[in-house]
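Model, not experiment: these values are computed from the prediction. Every chain is numbered from 1 and lettered A, B, ... according to where its sequence line falls, protein lines coming before strand lines.
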Number of protein chains: 2
Amino acid sequence: MKKKITMKEIARELDVSISTVSKALNNSPEISQDTIDKVQAFAKFYNYKPNNIALSLKNKKTKNIAVIIPEIVHHFFTLIISGIEQKANELGYNVIVCLSNESFAKEVINLETMASGSIDGFLLSLSKETMAKKDFHHLREVINQGMPLVMFDRVSDEIYCDKVIIDDARASYNTVKHLIYSGCQRIALLTTPDYVSVGKLRTLGYKNALKDEGIEIDENLIVRVETVEELDGKVKSLFDTEKFDAVFGVNELYAVVAMREAHSRGLIIPQEMSFVGFSDGILSKYAYPSLTTVVQHGFEMGQKAAKMLIDRLESDHTDDSYKMEVIKTSILQRESTKPV
Amino acid sequence: MKKKITMKEIARELDVSISTVSKALNNSPEISQDTIDKVQAFAKFYNYKPNNIALSLKNKKTKNIAVIIPEIVHHFFTLIISGIEQKANELGYNVIVCLSNESFAKEVINLETMASGSIDGFLLSLSKETMAKKDFHHLREVINQGMPLVMFDRVSDEIYCDKVIIDDARASYNTVKHLIYSGCQRIALLTTPDYVSVGKLRTLGYKNALKDEGIEIDENLIVRVETVEELDGKVKSLFDTEKFDAVFGVNELYAVVAMREAHSRGLIIPQEMSFVGFSDGILSKYAYPSLTTVVQHGFEMGQKAAKMLIDRLESDHTDDSYKMEVIKTSILQRESTKPV
DNA sequence: AAGTGCAGCGAAATCGATTTAGTGTTCACA
DNA sequence: TGTGAACACTAAATCGATTTCGCTGCACTT
């Protein structure tokens with residue numbers, strides 16, 4: 001086992017001081033070319049790599065950033081992580097992933113453990129429980145300690161920090177208009193409870209679009225689903241009790257499940273019923289028929305969020321004007337809706 | 001901004017030495033109860049948290065482990081990560097995620113940057129390029145440095161280390177037998193090139209099952225797909241040129257795409273054609289009809305891998321007998337196959 | 001009164017790097 | 001011959017913790 005070599009050992013072997021080794025490796029002008037060559041050759045031969053921990057301690061920066069997400073088994077979040085990872089690596093940072101599993105307590109623990117030295121800044125998307133509780137003391141605490149925080153997707157107005165979001169209300173508005181223009185009149189909405197900020201905004205966009213098109217809002221067509229378990233049941237009862245010609249799901253799963261239900265009731269898609277989902281993922285792409293979706297550009301969102309965080313880390317002082325980036329969405333027309 | 005407080009500052013404020021503070025915080029018996037109370041009260045009031053970096057430097061352990069995977073936008077890998085994260089957190093470790101993006105170069109870079117102090121051990125699943133090149137010097141190097149490595153899913157015989165795998169050959173064998181027992185005779189196989197270890201093993205299992213059941217192997221029914229781009233074309237030409245009554249895909253995507261093709265050709269599933277995929281994910285679950293799959297228990301695999309790594313990290317010495325855990329698979333019968 | 005033991009605390013080394021403030025030698029120039 | 005700059009290098013502080021060893025003062029024994 002060829003152990004790691006340190007500067008101390010190089011210094012001892014070559015009979016110079018540690019400072020000389022350090023400077024030689026950094027090509028300092030105060031070291032003679034002879035010594036530089038000698039030290040660098042020796043270092044290369046023994047595969048010397050500086051110890052990151054020691055550097056972190058000295059420089060007070062770790063070149064690590066933490067991303068805390070509610071869940072990873074979720075295509076949108078994996079896209080975001082890919083984007084974060086790509087951008088962070090490009091800029092010389094590593095990404096530590098923490099999962100809150102939608103739990104407030106775990107979110108707090110993650111923040112606390114990470115905040116004590118392991119990382120330089122946070123990227124965070126709120127857990128459902130945190131949004132429901134509206135308790136953000138843990139976020140304020142890390143911000144107060146001077147640690148930058150960038151929130152993405154699931155954010156809160158109550159926290160002052162950089163943010164990257166989707167314009168959910170507008171995206172939803174556009175989507176519903178798209179459905180209307182394609183000939184749909186009674187559009188059912190499968191959404192989340194209102195404490196999920198994105199669900200709330202998408203619901204808002206839905207209502208506004210109907211209003212603007214002079215279509216009355218029928219609350220019976222709005223179904224709020226809290227957990228995956230109750231999804232099937234709520235969808236079935238919607239089909240049982242209401243008449244409608246389109247379904248808009250605030251995520252792809254909701255839309256796909258509704259589409260399956262329509263399938264099994266023998267409805268022809270999209271002639272008799274249209275379907276649109278939010279957040280384009282593999283489910284939408286490979287559903288049968290393939291699902292028209294709102295593309296959220298998660299990869300880009302991850303990149304932007306990472307860039308904002310690192311910009312702040314590397315800017316000299318804290319300017320206290322926080323930025324808010326809005327990622328544009330687009331509608332990807334596939335087989336589950338009629339052409340406009 | 002309430003800055004972080006250090007032991008030094010506590011010591012200065014309370015007019016004791018740093019060593020006393022350290023010992024008081026650790027409830028050392030050589031400090032009087034009075035002093036302990038005083039120090040701990042002060043520390044709590046100023047929300048003192050030890051600096052992890054300093055601890056890492058001193059203890060020569062970081063309590064971080066790195067997991068390097070080829071891709072994250074992949075349900076199986078996200079399940080594994082969830083499992084790793086859960087188990088690692090439970091045992092007091094953080095997880096640093098690195099993506100190789102199926103690239104050899106990036107895998108090497110990830111290993112090198114992580115190995116210089118940031119982490120205590122690796123969890124790794126090989127990139128396609130690495131498997132194709134069969135160049136494992138980077139793995140040998142970190143192992144030689146005394147850093148534990150656990151490989152999972154995509155592993156190599158040439159590296160001596162702990163491993164967690166699926167018994168791919170057997171799983172595939174069982175699946176094909178299942179298809180045969182359900183009445184299928186000509187089973188097409190959608191697989192990867194042989195350099196992908198899991199693809200190779202699954203192909204082997206397929207062949208053995210046919211052999212054991214006295215069915216001749218028809219190489220024309222075995223389609224090797226390298227990239228997603230060529231998937232559609234190869235599937236179409238399979239349908240154009242061959243006759244068969246079942247498709248076995250070595251991942252869920254292959255199976256679902258084939259099923260879509262069958263759909264559009266008006267075939268009735270599963271009466272006229274059956275479909276099975278490997279690695280149960282959302283695609284399988286929400287496909288129409290839902291896809292019968294081989295469940296790989298990725299979460300469990302992640303947990304096992306994390307546990308193996310941490311066990312080795314915390315065992316006193318290196319015993320050089322490496323373990324290999326095999327995760328059992330199971331067949332999840334859904335709508336795309338006939339009951340046996 | 002001198003020696004012993006212990007409670008309670010502090011000084012300093014250590015982990016592996018960087019960096020500032022010197023130190024010692026050589027050589028040029030007045 | 002003496003002075004000072006230039007050069008090449010070193011000692012030591014520093015980052016924030018832990019830990020070993022040593023020191024002080026008091027109580028108690030003999």
Given atom [atom1] of [X] and atom [atom2] of [N], what is their separation to the nearest angstrom?
{"X": "N26(B)", "N": "dT20(D)", "atom1": "CG", "atom2": "P", "answer": "13 Å"}
{"X": "L55(A)", "N": "dT18(C)", "atom1": "CG", "atom2": "C1'", "answer": "8 Å"}
{"X": "L25(B)", "N": "dC9(C)", "atom1": "CG", "atom2": "C1'", "answer": "15 Å"}
{"X": "L14(B)", "N": "dG10(C)", "atom1": "CG", "atom2": "C1'", "answer": "15 Å"}
{"X": "D34(B)", "N": "dA7(C)", "atom1": "CG", "atom2": "P", "answer": "16 Å"}
{"X": "I53(B)", "N": "dA17(C)", "atom1": "CD1", "atom2": "C1'", "answer": "13 Å"}

### Query
Once you build an axis from the first five pairs and another from the last five of the helix from dA1(C)-dT30(D) to dA30(C)-dT1(D), how far apart in angle are they, to 10 degrees?
90°
### Task
Among residues two or more places apart or on two chains, list those pairs meeting side chain to side chain donor-acceptor pair (under 3.5 Å) that have a residue in residues 153-163 of chain A.
E102(A)-R154(A), D162(A)-R312(A)
Partners meeting ring-ring contact (aromatic ring centres under 6.0 Å, His included) with [X] (sequence neighbours left out):
{"X": "F76(A)", "answer": "none"}
{"X": "Y48(A)", "answer": "none"}
{"X": "H74(A)", "answer": "F77(A)"}

Electrostatic pair [X]-[Y], nearest N-O below 4.0 angstrom:
{"X": "K63(B)", "Y": "E314(B)", "value": "yes"}
{"X": "K38(B)", "Y": "D34(B)", "value": "no"}
{"X": "K106(A)", "Y": "E85(B)", "value": "yes"}

### Minimum side-chain heavy-atom gap I119(A)-F122(A) below 4.5 Å
yes
## Note on the structure
Whether each nucleotide of nucleotides 5-15 of chain D has a protein heavy atom under 4.0 Å at its base (B), only at its sugar-phosphate (S) or at neither (-) is summarised, 5' to 3', as ---BBBBB-BB
